[in-house]
Structures are given as structure tokens and as C-alpha cells.
Amino acid sequence: MARKRKRQGIVYCLIPIMGLLFIFHILPILGSFAVSFTDLWRGHRIVGLENYRALFRNPIVRKAFVNTFYFTGVAVPVNIALSLGIALMISYIPRFRTIFRTVYFLPVVTSMVGAAIVWRWLYQPQFGLFNELLQLVGLKPLKWLISERLALPSIMIMSVWKNIGYNIVLFLAALRGIPVVFYEAARVDGANFWQQLKRVTIPLLKPALLFITVTTMIGALQIFTEIYVMTQSGSGSGAGSAPGGPENATTVVVLVVQERGFRDMMMGYASAIAFVLFIIIMVMTYVALRLLRTEWSY
Amino acid sequence: MAVYWREKKSIALVYIMLSILSIAMIIPFYWMLVTSVKKPSEVITYPPVWFPSKIQWNNFRRLFQQAEFGKFFRNSSIVTACAVPMVLFTSSLAGFIFAKYRFRGNNVLFLIVLSSMMVPFAVVMIPLYIEMTLFNWIDTFYALIAPWTVNAFGIFLMRQFMFEVPESLMDAARIDGCSEFQIYWRIILPNIKAALSALSIFIFLWSWDSFLWPLVVTSSSNTKTLPVGVAMFSNQWWTQYNLVMAGAVVIVLPVLIVFLMLQRHFIQGIVLSGLKV
């Protein structure tokens with residue numbers, strides 16, 4: 001018994017670790033909820049739901065939510081379709097799988113700020129590589145990040161490039177986990193490639209698909225760095241004036257939280273915006289879990 | 001996937017498609033490297049120069065001669081060098097305890113860890129900043145390091161790996177007179193090297209690449225980190241984009257090198273974290 005208790009002594013090591021976690025990660029979550037009902041730092045009053053009411057009235061905040069949904073709604077499905085397609089192709093080939101996997105994975109382990117600076121230069125309308133390539137194949141140059149219509153799609157392309165490698169690795173692992181007997185059975189039944197894909201591969205990938213959908217979506221809803229770096233000002237750099245430009249075409253939720261909270265010091269208001277995002281993330285995660293739930297396993 | 005429907009012709013086609021896509025993935029890296037060693041006159045020209053006439057390694061020297069850039073590099077190195085070992089230690093110890101000991105509140109505490117993983121950073125950021133103000137830590141290394149000495153994802157990942165270390169190994173060590181902490185230090189840690197290297201790349205990347213938090217919490221060049229500094233430069237030095245690209249190379253390269261060294265473990269770590277939930 002005494003030895004048993006001595007063994008348990010190590011459990012007390014959790015106290016400092018959990019303490020740090022509590023101070024820096026858990027307390028702020030509770031704090032955020034509390035702060036969102038105040039007018040810090042502009043004042044020190046409790047304003048109830050005023051911040052929440054104000055944020056839905058503000059056209060820029062509304063635009064930020066719309067842009068965030070637009071970004072998520074396009075970038076996430078494109079990312080998943082592309083990464084699944086590439087994973088299927090990689091698993092199809094007999095050799096050089098590791099090399100291809102590594103190549104597609106490189107952007108994932110690239111600094112986001114570094115990548116954003118590079119892409120900003122690729123998109124540069126006058127000297128950028130993309131317009132040069134377009135002209136090589138006889139197309140008209142585009143305005144990319146300067147164009148209100150194209151700015152957010154340009155960032156979607158960059159973001160898909162940056163993130164597909166992660167999902168490719170997950171899909172590859174899931175594909176490897178599918179037992180060979182299923183394909184053998186399908187073959188015996190005379191299924192062709194597309195039938196096998198539709199009836200065997202995709203259904204059996206559902207758990208992986210669920211995880212990938214949820215994590216990619218959560219990441220996309222919190223997009224910030226790419227937008228901040230690629231759309232900030234710089235004389236003639238080919239972007240709008242402040243991050244989120246041109247004309248708020250790339251203003252997203254986290255950007256608004258950062259600007260309201262730290263540029264305008266409206267921390268209560270910014271917390272309310274962040275909290276709405278949090279609730280949206282929870283709801284969308286729940287919906288994804290319900291839609292992609294599987295009742296069986298193999 | 002299994003190889004039942006492979007045909008020679010379609011294999012060739014798949015190779016071609018994968019190669020074309022690979023080139024598209026690589027082009028931004030190529031453009032970054034090539035621009036970083038161009039002469040200024042070759043940066044802003046039309047049509048763009050694919051191969052620089054002469055490689056200007058000098059750009060990197062000029063970059064580090066900017067007093068501020070050297071500081072940013074130093075600051076990022078300090079922050080990462082502190083964060084990585086701290087997170088490895090706290091995550092592996094907590095993961096070990098959560099996985100291998102039964103005590104009251106084990107599940108509840110672990111659930112708290114898990115749920116804190118789901119909260120977007122935008123929610124945490126403002127109260128965390130207020131805490132830093134109360135501690136008087138704004139624009140100090142404490143603010144850049146202390147909040148990131150524990151990592152919920154790290155604890156979660158380590159706990160997953162700990163289940164693979166057999167209980168009998170621990171019992172054998174106990175019979176040999178090891179204390180519980182010695183078991184952790186001498187038996188567990190050497191047995192989860194793969195997991196530790198996976199986690200260390202994750203943390204290295206996050207720490208080195210962290211942007212939003214350093215952006216709000218630093219104000220002087222004494223604490224600004226490389227991503228914040230380079231993002232700032234990329235605006236000011238718009239006419240010297242070769243230097244900006246050299247800056248991008250300096251941010252990108254360390255993580256790439258570590259990744260290529262520890263690649264196998266990293267991939268294994270991603271797969272375990274993703275699919276064993």
C-alpha cells in the first residue's frame with residue numbers, strides 16, 4: 001500500500017503543468033467570455049450584450065464573416081478534393097511514392113510568412129511570375145491581389161498550395177489501412193476502377209474524411225497570416241492599403257479581431273467577435289460530425 | 001491502396017500528372033531562391049529573369065548587416081530554443097502520467113486538455129494579452145515564451161504514444177529499484193524517441209512560424225521575431241525585393257532542414273495524431 005502511494009507521487013508533477021495550462025490557455029477562454037460583455041479598454045463598464053448587438057450591425061464585421069465563409073466554403077472542398085485525388089494517384093504508382101509525398105508536403109513545413117511574401121511577389125502584376133506565365137500561354141495578365149474580385153481567390157490558391165500536403169499524408173495513411181480483401185471482392189464482382197472508388201474506397205475513407213474535413217475547416221475559419229502579409233500596404237507592392245484590402249475584399253474575422261482589439265483597443269468588442277467565431281466553429285464541427293458519422297467499423 | 005487495377009498506360013499518365021503538379025508545388029520555392037540571389041536590376045524587370053546572370057550571395061550578407069534583421073533572427077532563435085525543449089518535457093511528462101497512472105480526475109483533466117485544443121486562438125488572444133499587461137510582460141521574452149511552455153496538442157499526442165510502451169517494462173524497472181520519475185526519464189523517454197522527434201518538429205514549426213501572437217505582444221526590435229520583422233521589411237523594402245526574398249529563405253530554410261532530417265518520424269506523428277483519435 002505504501003509502495004502504491006509512493007508510485008502515485010509522480011501524479012503531483014501534473015500540478016505545475018496543468019497550472020501553466022490553466023493560466024495561459026484555460027483562464028483566457030473564460031476571460032474572453034467575460035471581457036466580451038465589457039467595454040475594455042475604452043472604459044471599464046459592463047455593457048451586457050451591447051458588443052454583440054453592435055457587431056452584427058457593423059458592415060465591415062459582417063463583410064468579414066461573409067469573406068470568411070466564402071474562403072472556407074471554396075478553399076476547404078477544393079483542398080479535400082485535390083488532396084484526395086493526389087493521394088489516390090500516389091497510392092496508384094508503384095515507385096517514387098516517398099519522393100512525391102515529400103514534394104507535396106514541403107509547403108506544409110514552410111513558414112507561412114515566408115510563403116506569403118513569396119506568393120505576394122508571384123502575384124505582383126508587373127514583375128510577377130504568374131502574369132508572365134499567363135502571357136506565355138497567350139492569356140491576358142490579371143490583377144490578382146489588387147483586384148477586388150480576385151484578391152480572395154488568389155489567397156485561396158495560395159492556401160490550398162500551402163495546406164494540401166498535410167491532408168495528402170493523412171489520406172495516404174487511411175488508404176493504406178483499407179484491407180485488400182475488399183478490393184479483391186469487388187474485383188470478383190467485376191467492379192471497374194470508378195466503381196471500386198465509389199463503392200469501396202470512398203465509403204471506407206469516411207472516418208479519415210471526417211477528421212480531415214473538420215480540421216481543415218477549423219483552420220480555414222481562422223485564416224489570418226496569409227491575408228495580413230499578402231494584402232498589407234507597401235508602395236506599389238500590388239496590394240490594397242491596409243491588410244484586408246482592396247476595399248475590404250479580403251477582410252476576415254481574425255483580422256477584424258486583431259485590428260479592433262489591438263489597433264483600436266476595443267478589447268470587449270473584439271472578444272465578442274472572436275466568441276461568435278468560436279460558436280460558429282463549434283456548430284459547424286457538430287454539423288460535420290453528424291453528416292459524416294459512420295455507424296460501423298471494419 | 002491496393003494495386004488491383006494497375007495498367008501500364010494509366011500508370012504512365014499518373015506519373016505525368018503527378019510530375020506536373022509537383023512542378024507547380026516547387027515553383028514558388030524556386031522563385032524564392034532565385035530572386036534571393038538576383039541583382040537588384042534583375043528583380044524589377046519585364047519579362048522576369050528565370051536564371052540570374054550572376055549569383056549574388058552578397059544579398060544574404062547585406063540582409064544580416066541590417067542591424068534589425070540580425071536581432072529578429074536572434075529573437076526567434078531564443079524563443080524557439082526555449083519553447084521546444086520545454087514543450088517536449090511538459091508534454092511527455094503529462095502524457096506519461098495521463099496514460100500510465102490511475103488517479104481521481106484523470107479523465108476530467110484530460111478532457112479539459114482536449115477541449116482547450118479546440119478553442120480558436122483569436123478567442124484566447126485578448127485575455128492572454130490582458131494577463132501579459134498585468135504581469136508587466138508586454139514586449140518581453142516572457143510573453144513570447146511562457147504561454148507556449150505547455151501545449152495541449154503535445155500532451156494529447158504524447159499520451160497516444162505512451163499506450164504503446166508496455167507496462168511490463170515499467171514493472172521491471174520498479175523491481176530494479178527505479179523511482180517513478182526515473183522510469184519516466186530512463187525507460188519511457190528513450191522508448192518514445194520517434195514521438196519526441198515528431199513533436200519537436202511540430203513545435204519547432206509553430207514556434208518559429210508563430211505570427212499573430214508576436215505581432216500583438218512585441219513592439220520593439222529587441223523582441224520582434226523573424227516572421228514579424230520580415231513581414232514588416234517586405235513592405236518597407238518593396239524596391240529591394242531580392243533582400244525580402246533572402247529574408248524569406250532565412251525563415252523557410254531552418255524548418256525545411258529539420259523536416260528533411262526527421263521526416264519519417266514526422267509523417268508517423270501526423271498519422272498517429274490524426275487517425276488514432
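Values reported hereafter were calculated over all heavy atoms of this structure, with side chains retained and with hydrogens, waters and symmetry mates removed. Note that the structure is a prediction, hence the values are computed from the model and not measured. Below, read A as the first sequence line, B as the second, and so on, with proteins coming before strands; counting in each chain starts at 1.
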Let me know if Ile90(A) has heavy atoms under 4.5 Å from chain B in its side chain, its backbone, both or neither.
both
Is Val11(A) in contact with chain B via its backbone, its side chain, both, or neither, using a 4.5 Å heavy-atom distance?
both
Quick one: of Leu27(A), Ile23(A), Val35(A), who has the most non-hydrogen atom pairs under 4.5 Å with chain B?
Ile23(A)
Cut-off 3.5 Å, side chains only: do Arg120(A) and Ser234(B) have a donor facing an acceptor?
yes
Strictly by modelled atom types, are Ser92(B) and Tyr184(B) linked by a side-chain donor-acceptor pair under 3.5 Å?
yes
Assert top hit (heavy-atom pairs under 4.5 Å, partner chain B, pool Tyr228(A), Phe262(A), Phe96(A), Phe275(A)) equals Phe262(A)
Donor-acceptor check, side chain of Thr110(A) to backbone of Ala115(A), threshold 3.5 angstrom: yes or no?
no
Examine whether an atom of Thr102(A) lies under 4.5 Å from a heavy atom of chain B, and if so say whether it belongs to the side chain, the backbone or both; otherwise answer neither.
both
For Ile26(A), is it the side chain, the backbone, both or neither that has a heavy atom under 4.5 Å from a heavy atom of chain B?
side chain
Need one label for Phe278(A): side chain, backbone, both or neither, based on atoms under 4.5 Å from any heavy atom in chain B.
both
Quick one: which of Ile281(A), Val253(A), Thr225(A) has the most heavy-atom pairs under 4.5 Å with chain B, could you say?
Thr225(A)
Choice from Val254(A), Leu106(A), Val229(A) maximising heavy atom contacts with chain B below 4.5 Å
Leu106(A)
Could you tell me which of Thr215(A), Leu21(A), Leu277(A), Leu30(A) has the largest number of non-hydrogen atom pairs under 4.5 Å with chain B?
Leu21(A)
Please flag which part of Phe33(A) lies under 4.5 Å from any non-hydrogen atom of chain B: side chain, backbone, both or neither.
neither
Taking every heavy-atom pair that is under 4.5 Å apart, which of Gly85(A), Gly261(A), Ser271(A), Pro16(A) has the most such pairs with chain B?
Ser271(A)
I want to check a possible cation-pi pair here: Lys38(B) against Trp50(B), using under 6.0 Å from ring centre and within 45° of the ring axis as the test.
no
Portion of Val109(A) that has a non-hydrogen atom of chain B nearer than 4.5 angstrom:
both
Is the distance between the ring centroids of Phe72(B) and Phe233(B) under 6.0 Å?
yes
Which atoms of Trp161(A) are under 4.5 Å from chain B, going by heavy atoms: the side chain, the backbone, both sets, or neither?
both
Toward chain B, the part of Met18(A) with a non-hydrogen atom under 4.5 Å
side chain
